[in-house]
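Working notes, beginning with the structure itself.
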Amino acid sequence: MTEDRSDRVPSVVTDPEDFQAVLDKLNQIDEKIEFVNSEVAQRIGKKVGRDIGILYGAVIGIIMFLLYVLFLAPMLGI
């Protein structure tokens with residue numbers, strides 16, 4: 001009877017110091033990726049906020065203009 005080795009979990013022996021060094025490098029890379037992603041998200045948020053502010057300003061300006069044309073201008077006889 002032959003033993004099927006495809007279902008066994010492979011085991012590797014490494015030096016704990018080397019393993020810790022690799023983990024430290026991976027942590028540094030992960031921190032850099034998270035920082036870049038947060039900076040990109042912040043820039044996108046600023047752009048969206050600016051666009052929303054422009055829209056709100058335009059809507060308020062149009063409402064004020066319509067109120068002037070419909071109500072105030074007829075009262076002043078313009």
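Both backbone and side-chain heavy atoms feed into the values below; hydrogens, waters and symmetry mates do not.
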side-chain contact (heavy atoms from CB on, under 4.5 Å) for Ile63 and Val59? Distances and angles first, verdict last. CA-CA 6 Å; Ile63 289 172; Val59 168; 3.9 Å; yes
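Taking CG of Leu76 as the reference point, atom CZ of Phe71 lies at 13.5 Å (rounded to 0.5 Å). How far CD1 of Ile44 is from CD of Glu39: 11.5 Å, rounded to the nearest 0.5 Å.
In the model, Glu31 has no side-chain atom that pairs as donor or acceptor with a side-chain atom of Asn27 under 3.5 Å.
In terms of hydrophobic clustering, with Ile, Leu, Val, Met, Phe, Trp and Tyr side chains grouped at heavy-atom distances under 4.5 Å, Leu72 and Leu67 are assigned to different clusters. Placement of Ile60 and Ile54 in two distinct hydrophobic clusters is found when ILVMFWY residues are connected by side-chain heavy-atom separations under 4.5 Å, directly or transitively.
Taking 4.5 Å as the limit, some side-chain heavy atom of Leu23 sits within range of a side-chain heavy atom of Gln20. In this structure, the side chains of Leu26 and Asp30 stay at 4.5 Å or more apart for every pair of heavy atoms.
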